[in-house]
Amino acid sequence: MLDILPQLIMNGLIAGAIYSLASLGLNLIFGVLGFVNFAYGDMIMVGSYLFFVFLVMLKMPLVVSALLATISLIIIAFIIEKITFRPVRDKNPISALIISVGVGFALRSIIEMIFKGNMRIYTDQVHEGRGLMHGLIRVTDNQIMIIVTSIICMIGLFVFLKKTKTGKAIRAVSDSRQVSEILGININKHILIVFALSAILACVAGILLGYENYLQPTRGVSIGIKAFSAIILGGVGSLPGGLIGGFTIGLAENILPGLGLVSTGYKDSIAFFILIIVMLVKPRGIFGISKSEDTRKE
């Protein structure tokens, strides 16, 4: 049975790459606004379907389709931020959290109305896998694209936040909005940039998810829960922790059922079990900010 372990690990890394991208988007919003956006999984599915419209329905080139889908999702994120989240930004974070649940439901309903809940795929071509490690691992071109694209996005985001003036300003807003305003940082502008970054990550994650699985409106709920579980596991507010959490969940939901330790019917429930265990054992996650450090944010 252990001879299939390398393949299970590869499958877990592919799934984990998508979950990690989603966790980055969630953590960015939490870092600045202090709430978990439960509509994020549905934003990912909106990105998937936007790409489907441009690539399959309008038959545009892949790069153009990805660019237009990303721009469209950024615009949608801006509209959502202005109409729903901005009015309650300085109020109880619970208000924004509850609103995000409603936003997610609305996005999901719109997708279901337009696409009737039917499963969609980007292409019906079957790509033959490449053999690695003397045939122990099979990986398709799409799966290679998923891993490479995810790594590029992760590195790009960390470089942007660490090295650029805008990235440093976002980190300052995340540390303290009040101090940032005193320093002359435009809070609204940088919150919009955070929403744009999270929308880009959501669209990329949605596109990659579509190349690995079929599209269905309700899949956003599942991916959102897994991304949320990833940031709880790694530590809410910790971007590196979210990455580790995402890959951990991806590996767990592939290795455990693959080795027969968990029934395949419970594969999507593994993230829930991990979430419960972490909340009981280490509520702030592996790299979570301690209570004494979490003194922001007005």
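Bear in mind that the values here come from a model prediction, so they are computed numbers and not experimental data.
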Original post:
Rounded to the nearest 0.5 Å, how far apart are CG of N11 and CD of E253?
Top reply: 10.5 Å
Subject >> Plane angle bin for F35 and F85 - parallel if under 30°, tilted between 30 and 60°, otherwise perpendicular >> reply: tilted
Original post:
V103 and F38: side-chain contact (heavy atoms from CB on, under 4.5 Å), yes or no, with the steps?
Top reply: CA-CA 8 Å; V103 170; F38 280 111; over 6 Å; no
Original post:
Would you call F54 and L67 a side-chain contact if the rule is heavy atoms closer than 4.5 Å?
Top reply: no
Original post:
Between V159, T164, L157, which is the residue that forms a side-chain contact (heavy atoms from CB on, under 4.5 Å) with L161?
Top reply: L157
Original post:
Do Y19 side-chain atoms and I223 backbone N/O form a donor-acceptor pair below 3.5 Å?
Top reply: no
Original post:
Looking only at heavy atoms, what is the nearest atom pair of A227 and A22, with distance?
Top reply: CB-CB, 3.6 Å
Subject >> Atom of G206, atom of S48 and distance for their closest heavy-atom approach >> reply: O-OG, 2.6 Å
**OP:** Could you pull out the closest heavy-atom pair between D42 and P217, with the gap in Å?
**Re:** OD1-O, 4.4 Å
Subject >> Between N188 and R89: side-chain donor-acceptor atoms closer than 3.5 Å >> reply: yes
Original post:
So, S222 side chain and T218 main chain: donor-acceptor pair closer than 3.5 Å or not?
Top reply: no
Original post:
Is there a side-chain contact between I249 and I270, using heavy atoms and a 4.5 Å cut-off?
Top reply: no
**OP:** Would you indicate whether M145, at its atom CE, is surrounded by more than 12 heavy atoms from other residues, nucleotides or ligands within a distance under 6.0 Å?
**Re:** yes
Subject >> Smallest separation among heavy atoms of F51 and L62, with atom names >> reply: CE1-O, 3.7 Å
Original post:
Quick one: CE on M43 to CG on L201, what's the gap to the nearest 0.5 Å?
Top reply: 11.0 Å
Original post:
Taking V88 as the fixed residue, which of I99, I94, L33 is the one that meets the side-chain contact (heavy atoms from CB on, under 4.5 Å) rule?
Top reply: I99
Original post:
Roughly how far, to the nearest 0.5 Å, is the CD1 atom of I137 from the CD1 atom of I9?
Top reply: 7.5 Å
Subject >> Within-4.5 Å side-chain heavy-atom neighbours: I146 and S150 >> reply: yes
Subject >> Verify same cluster id: I75, L28 (apolar side-chain graph, 4.5 Å) >> reply: no
Original post:
Would you say the ring centroid of F78 lies under 6.0 angstrom from that of F195?
Top reply: no
Original post:
Between I111 and L58, is there a shared hydrophobic cluster once you connect ILVMFWY residues whose side-chain heavy atoms come closer than 4.5 Å?
Top reply: yes
**OP:** Kindly work out whether a path of hydrophobic side-chain contacts (I/L/V/M/F/W/Y, heavy atoms less than 4.5 Å apart) joins M60 to V46.
**Re:** yes
Original post:
Would you say S174's side chain and I170's backbone share a donor-acceptor pair under 3.5 angstrom?
Top reply: no
Subject >> Shortest non-hydrogen contact between I29 and S198, atoms and distance >> reply: CD1-OG, 3.7 Å
**OP:** Any chance you could measure I207, atom CD1, to L50, atom CG, to the nearest 0.5 Å?
**Re:** 9.0 Å
Original post:
Do side-chain atoms of Q143 reach the backbone of T140 as a donor and acceptor pair under 3.5 angstrom?
Top reply: yes
Original post:
Between the main-chain N or O of F272 and the side-chain N or O of S269, is there a donor-acceptor pair closer than 3.5 Å?
Top reply: no
Original post:
Would Y49 and Q216 count as having a side-chain donor-acceptor pair, cut-off 3.5 Å?
Top reply: no
Original post:
Nearest 0.5 Å, what's the CD1-CD1 distance between I274 and I232?
Top reply: 12.5 Å
**OP:** State yes or no: do I71 and M57 share one hydrophobic cluster built from I, L, V, M, F, W and Y residues joined by side-chain heavy-atom distances below 4.5 Å, directly or via other members?
**Re:** no
Subject >> Student check: side-chain heavy atoms of L21 and M154 closer than 4.5 Å >> reply: yes
**OP:** Check whether V101 and I83 end up in the same hydrophobic cluster, where Ile, Leu, Val, Met, Phe, Trp and Tyr are linked by side-chain heavy atoms less than 4.5 Å apart.
**Re:** no
Subject >> Donor-acceptor contact present, side-chain Q7 to main-chain R138, <3.5 Å >> reply: yes
**OP:** Test side-chain contact (heavy atoms from CB on, under 4.5 Å) on V32 and H190 and set out the steps.
**Re:** CA-CA 9 Å; V32 173; H190 286 86; over 6 Å; no
**OP:** For residues V36 and S100, determine if any side-chain heavy atom of one lies less than 4.5 Å from a side-chain heavy atom of the other.
**Re:** no
Original post:
Hey, does L215 have a side-chain heavy atom less than 4.5 Å from the side chain of I121?
Top reply: no
Original post:
Just wondering, do L233 and I244 contact through their side chains at under 4.5 Å, heavy atoms?
Top reply: no
Subject >> Derivation of the side-chain contact (heavy atoms from CB on, under 4.5 Å) call for D175 and V179 >> reply: CA-CA 8 Å; D175 288 336; V179 173; over 6 Å; no
Original post:
Minimum heavy-atom separation for P61 to L55, with atom names?
Top reply: C-CD1, 4.4 Å
**OP:** Please test L209 against M45 for side-chain contact (heavy atoms from CB on, under 4.5 Å), starting from the C-alpha separation and ending with a verdict.
**Re:** CA-CA 9 Å; L209 182 67; M45 289 313 302; 4.0 Å; yes
Original post:
Aromatic ring centroids of F228 and Y40 under 6.0 Å?
Top reply: no
Subject >> Test item: F52 and S65 side chains (from C-beta on) under 4.5 Å apart, heavy atoms >> reply: no
Original post:
What's the spacing between L243 CG and L24 CG if we round to 0.5 Å?
Top reply: 4.5 Å
**OP:** Output all residues satisfying salt bridge (Lys or Arg N to Asp or Glu O under 4.0 Å) with R219, sequence neighbours left out; order by chain, then residue number.
**Re:** none
